Structures are given as C-alpha cells and as structure tokens.
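First the structure, which I've put down as structure tokens, then a few questions once you've had a look.
Chain naming here is simple, since letters A, B, ... match the order of the sequence lines and numbering starts at 1 in each. All values reported here derive from a predicted model rather than from experimental measurement. These values consider heavy atoms only, across backbone and side chains, with no hydrogens, waters or symmetry-generated copies.
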2 protein chains.
Amino acid sequence: MEPVTLKQIAEELNISVATVSKALKDYPDVSKKTKALVKELAKTLNYKPNTFAVNLRTRESKTIGLVIPVIVHHFFSNVIKGIVAQAEKKGYLVIILQSNESYELEKKQIDLLLNQRVDGIMISLANGTADFSHLKQVLELGKPLVMFDKIAKIVPCSKVVIDDRKAAYLATQHLIDTGCTRIAHFRGALLPQNSIDRFLGYKKALLDNDLPYDPSLVYICECDDRSFEEGLDNAKKLLNDHDDVDGIFINTDLVAIGAMTELAKQGVAVPNDMAVVGFSNWFMSSVISPSLTTINQPGVEMGKRAFKQLYKEIKAIKKNKPINPKVITLETELIKRESTK
Amino acid sequence: MEPVTLKQIAEELNISVATVSKALKDYPDVSKKTKALVKELAKTLNYKPNTFAVNLRTRESKTIGLVIPVIVHHFFSNVIKGIVAQAEKKGYLVIILQSNESYELEKKQIDLLLNQRVDGIMISLANGTADFSHLKQVLELGKPLVMFDKIAKIVPCSKVVIDDRKAAYLATQHLIDTGCTRIAHFRGALLPQNSIDRFLGYKKALLDNDLPYDPSLVYICECDDRSFEEGLDNAKKLLNDHDDVDGIFINTDLVAIGAMTELAKQGVAVPNDMAVVGFSNWFMSSVISPSLTTINQPGVEMGKRAFKQLYKEIKAIKKNKPINPKVITLETELIKRESTK
DNA sequence: CTGAAAGCGCTTACAG
DNA sequence: CTGAAAGCGCTTACAG
C-alpha cells in the first residue's frame, strides 16, 4: 500500500499541490472552504506527510541523538527515560547508541549521528575518552551538544551535572561523623571528571577533619559491566592489605553492593566493623540487607533538564541566535540507611 | 558551516553530479582516475551524503523504531542493549519510545514511528493493550513488525518469546519438589499473554501433581513502576488471608523482592516457612539475602534475535519477496538459590 | 484566495 | 566512461 501524497489529494480536488500543502498547515491565505475540503480528504485517505521530503526541505529531522556508556544501568536508564519522555513532549524522537565505555565506539557513534543529521546530540562520556575533537566537531558544525553526568570541562557546550565533589564530601563527612577514622575509597576510572571530583571530595573531607590522606587506601574500579565483581575484588584486596580500616566510600552503588557481599562472606559486620557509603542510589540499594547508605542522584530529572537545554539551543540556532552554554547543577542528598551507624 | 554537497565536488572537479555520485559508490562504470579524484576531494572536504535526500530517493531511512513498556527495568534494558548493538552492526539506528504500559501512548507512538517512516518496528506490548488495530496497520502498510516478550498471538507477525508456560511449570514444579504443598501465585496483569501463560503453567503443575488449584491463592500485580510495592502489598494480603501457604511463584523478580521484604518484616522465614520463586533473573536477585530462586530470561539475546528477524524482513520487502512470519522461542532455565529449599 | 515555479540533495535509467 | 534529465515529495517566495 503506497502512502498518499499531496499530489494525489490535489488531483482529486482539482487544486494545486501548493494549496493543499498550505491548507494542511493552516496558512491564513487559504479559504476556509478549501481548508475544510483538503483536511477532510487528507483524513479519509490517511495522509501522512513524507518526513524524508519534509526533512530535506526544512533541513531538520526532529530527531536527536543520545550516546550513553551503558544502557543496563540504574542511573543511565533513568536518564534515558527522562530524555525520551521530555523529547516526545516536544515532538522529538531519540536515537540511542551505547558506547560501552569505549572511546573508539563513541567517536564512531558521534559520526553516525552527524551523518544522520540529527538536530542535536546528548552525551555522557565513555571512561576511555581523553580526546574531545569528535565533540568539538559537533559544535563546529553548529549542532547543539549537551553533556551530562560524565562531562569534559574543556568542551564549551552546555552541561547538566551534580556537584560530585560536594556530594562525595558529604558522604565522607557522614562516615567521619558516625565514628570512622580510617576511611578507604573505591574510586571510579582515572579519566572521568566525576570520579576525579568524587575522589577530591573524599580527600578534602579527610583533610578538613585532620585525618591523614593515605593513597594506599584508594582503589580503582572501571565501573563498567563488571562493577559488582570489582566491588568483590577491591574488598578482598582491602581486607588483605589493611586491618584497621573502618569505613569505605564507594564511587557507585553497584560496586558497593559487590563490596558488601565480600564483606559478608568474610564475616566483616556492616556497619559495626566496616561502614559503607555508596553513590547514586540504585533501587536495589534499598532492598539489600543491610541497606546501603548512599547519595541520591536524580537521573530522570537530569535527562529532562538536559533535553530542555538542548531544545532551547535547537530553537536558538534555528533563529540564528547565538547559544549561551549553560552549566546546570542538580541537587543531591545523602540517604542514610543501615550500612552506616 | 554548511555541509558539502555533491554539486560542490562536481563543480570543483568540472565533472557532473551524476559521476560524482557514482564514483563515491564505486559504480563499475566510472574510471579509476575519476574515482580516485572524487574520493580524495570528498575526504578532504569531509563530505557526508545528506541523509534526508538519500532517504527521499531510496525510500528507506536505515532507522527502526522500538516501543517498550518500561526503560528502567532489568529485563527490558537488556533487550534494548541487544537490539541497539545488533542494529548498529547492520548500519541501523534505533528510535526508542516508552509506552509506560499505556495502550493510548503505545498507539500514538506507533503512529509517530510510522510518520517517521522507519524501516521496521519492534514492540513489546503495554499491559493495557487489548486492541491490536494499530499493529495490524503497520503490517498493512507493508512495514515489518516484530513483537517480543509481551506479544499478541493474534497479530500475524514475527515474534521472539520464551515458553512462559513451560518455564512457569518448571518453577512451580521446583516448589513442589522441594516440599511445598500449598502454593500461591502472584500473577501479572490480566491481558498480557506472558502473564496468562505463566499462570497456566503454574496451574498445570499443580494439577499434574494432584494439588488442588485454589483461585484465592492467585494475586494480581500490574508489574509496572510500582512492582516492588505490589510485592509488599500482595504478601501482606496473602499472610492476612491464609496461614497455610508454604510457597509462592511470582511473575517477576522485582515483585518477588518486594514480597520477600514484607515476609522478612513479618518474621516469616524464607525458605523454611515460605519458599519463593521469581521470574526473569534480575541482577539484584543474586545479591539480596536470601538470594532469589528464579527463571533466567535471556534479554540481550532476545533483543538480538528480534532485530535479526526484523532485518531479514526488511531485506525481503526490499526485494519484493513475501515475509514468512516466524515465532522464535528462546530457552530459559531455573536458577536455584536460597529462597527455595 | 490560488497556483506556477524553483529548489532541497540525492539516485538512476538512459543516451551518447 | 561521462553527463543530461527526471524525479523522490515536500515548502515557500512570488505572481496574479
């Protein structure tokens, strides 16, 4: 069944394609009578404008691209949900690509989206991304770009983030407030800004409380597909290396849950022998036992705000107005549960 | 920065647009010399074909649509991951929409995707969907359609599923084998085929083992955003209504985890006082305590297979060949853990 | 109020 | 081997 075109409607009604087009779009310079006729026929024929042709003419696709490190991930899937919902409200569709924490893939995917001529791009960076030319290219092409969560400070585009340093400080301070004096940190990968900031927040809280900062208490995890296992492994190492640690601040809930599993296995009581604070407030953190104290990170909200910003920029560009990149910082909060005293 | 067009390349080299187009696509009837010249210039100018124009000419978008009930969901996010990965391999992009378990939204979204002229559509139905005309419309337009997980038997398209009845039978049989004699069932919503099938598998296992089927032991949950709370609520009701139940087979892990939380709260020991089997093998089921016995449901694999089938059908339609709808059934397995004896 | 015309950027059947 | 021409289905500035 071939789709109906403007031409067919025009022929049927013995009027021109131009008039049909204008009638359907409610141009003021078409008579009411003609409009009514056209609209009725369009409806009975189930006319749908050919998006390909519309895109070609209007030079926009009403489609945006999203590159995300991991899809099966409590926080990121919440962000996706927020973006998709907000975009749909504004008549935009979202193409989603997973970078798998790989710089190479991420680069290719940005290229794919550019080829596709999406109206804008949203991204949370892969752990492996240290070069940002692919992102600068997006901006050079005049396409709006919004980064969220894992951002690059150096790229002059809009960003939606939380104050990772402050949140990490809060988490560590909570451990100190509840009596911990020797606190380890399972940090994220080396490159991402957010794992750097969380580390710095941890360190600052120690120093502000006159606790020594000991690098041997900092363990690294990639926080990729293997997060849970990384938690297990790091906890094992930690227990092996040190016998005086009484608290851990961990970069991500899933890693923390892995760590707590290992602690339980080795008979280390949480929170009495070892207190644990995670980050991100994954759903399962509330249902495990002991439940996990963590930092709430508003995923859906982040997705919504990021899309709203992108939308503004798309509109601005359409009107040939300059874009003013914004950094939007969302609030976080400490959620106290059973894994701390 | 305006994108480069074929015309610009043609003018620069003093040849025709047609030749440039053919050279870039390695048509055999273009001289090697011309091809080399064209390709080199295209590269230095960073030429990207305008997808809008290509789409208009070729009548395909290399884009498919996916409608999914919930994004923040262990099983579905795995399916998304599988689809997106497989599609990318074949040069297809995926537009994702969330129906939120609403028939109305689902219908609108199918329309959106049809308007967008995606090359094919994949869907897992919303709980609320009882009318299938929006899906039949897809087929009538000659667009490939593949359903997965939550399907409608009556729609003559390809489907990727598991044998829900068999899996539920297995789960219930396991409860019986480990000594349960009065087994409740927290089923899914009334309409979806998979919750009907799981219910039927449960019932059949009872009857095959000469255990009476008692409708008052069957509780319903929508399995939407509130899954966890539904588990809590249903467990509360169950404990209130009956004091002789010793096992529950539950439609989804997340509901089961809610139920176990309530059981723990009320001091009911799992598995000794009450054994529990879930469905779907969510990651958190392995890390809670006691860990949850469940049925493994291969999400990524389901996504991949569903895309592969869609791809075949897209190719077939392109060649004007008929589509032979297939039903692909994936294997499941029982994963025994601590919530059963 | 209506329509003829140009054009978006490509592809492809056809002529030479 | 190369190119002129038609056309995909729309939009919009312009003429009448």
Report the secondary structure of DNA chain D in dot-bracket form, marking unpaired bases with a dot and bases paired to a different strand with |, and treating Watson-Crick or G-U pairs with both distances under 3.5 Å as paired.
-> |||.||||||||.|||

Side chain to side chain contact (heavy atoms under 4.5 Å, CB included) between B/Gln98 and A/Glu88, worked out = CA-CA 10 Å; B/Gln98 162 167 304; A/Glu88 198 180 344; over 6 Å; no

With A/Lys89 via side-chain contact (heavy atoms from CB on, under 4.5 Å) - residues at least two apart =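 Applying side-chain contact (heavy atoms from CB on, under 4.5 Å) to A/Lys89 gives A/Gln86.
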
With A/Lys107 via side-chain contact (heavy atoms from CB on, under 4.5 Å) - residues at least two apart =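 Per chain and number, A/Lys107 pairs via side-chain contact (heavy atoms from CB on, under 4.5 Å) with A/Tyr103, A/His134.
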
Please table the atom pairs, donor to acceptor, closer than 3.5 Å between any side-chain atom in residues 323-330 of chain A and protein atoms at least two apart or in another chain.
none

By side-chain contact (heavy atoms from CB on, under 4.5 Å), which residues pair with B/Thr34, not counting sequence neighbours?
->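 For B/Thr34, the residues satisfying side-chain contact (heavy atoms from CB on, under 4.5 Å) (neighbours in sequence not counted) are B/Ile15, B/Thr19, B/Val30, B/Ser31, B/Val38.
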
Which parts of nucleotides 8-16 of chain C does protein reach within less than 4.0 Å, heavy atoms only, written one letter per nucleotide 5' to 3' as B for base, S for sugar-phosphate only and - for none?
-> BBBBB----

Please list all pairs passing the salt bridge (Lys or Arg N to Asp or Glu O under 4.0 Å) test where one or both residues lie in residues 20-35 of chain A, with sequence neighbours left out.
->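 Qualifying pairs, neighbours excluded: A/Lys22-A/Asp29, A/Asp26-A/Lys35, A/Asp26-A/Lys39.
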
Which residues, if any, of residues 35-45 of chain B bring a heavy atom under 4.0 Å of DNA chain D?
->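 Within this stretch, nothing sits under 4.0 Å of the strand.
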
Return the value, rounded to whole Å, for the distance between atom CD1 of B/Ile15 and atom P of D/dA4.
->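 My rounded result for the distance is 11 Å.
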
Residues two or more places apart in sequence or in another chain: which of them pass side-chain hydrogen bond (donor to acceptor under 3.5 Å, both in side chains) with A/Thr63?
->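 Only B/Gln116 meet the side-chain hydrogen bond (donor to acceptor under 3.5 Å, both in side chains) criterion with A/Thr63.
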
Contacts of type salt bridge (charged side-chain N to carboxylate O under 4.0 Å, His left out), residue B/Lys136, not counting sequence neighbours |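 For B/Lys136, no residue satisfies salt bridge (charged side-chain N to carboxylate O under 4.0 Å, His left out) once neighbours in sequence are set aside.
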
Would you list the pairs meeting salt bridge (Lys or Arg N to Asp or Glu O under 4.0 Å) in which at least one residue belongs to residues 55-68 of chain B, sequence neighbours left out?
->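 Those involving residues 55-68 of chain B are A/Glu2-B/Arg59, B/Glu60-B/Lys318.
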
Applying side-chain contact (heavy atoms from CB on, under 4.5 Å), name anything that partners B/Ile314, two or more places apart in sequence or on another chain.
->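 B/Ile314 satisfies side-chain contact (heavy atoms from CB on, under 4.5 Å) with B/Ile64, B/Tyr92, B/Asp119, B/Pro144, B/Leu310 only.
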
Measure from CG on A/Asn14 to P on C/dT2 and round the result to the nearest Å.
->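 Rounded to whole Å, this separation is 13 Å.
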
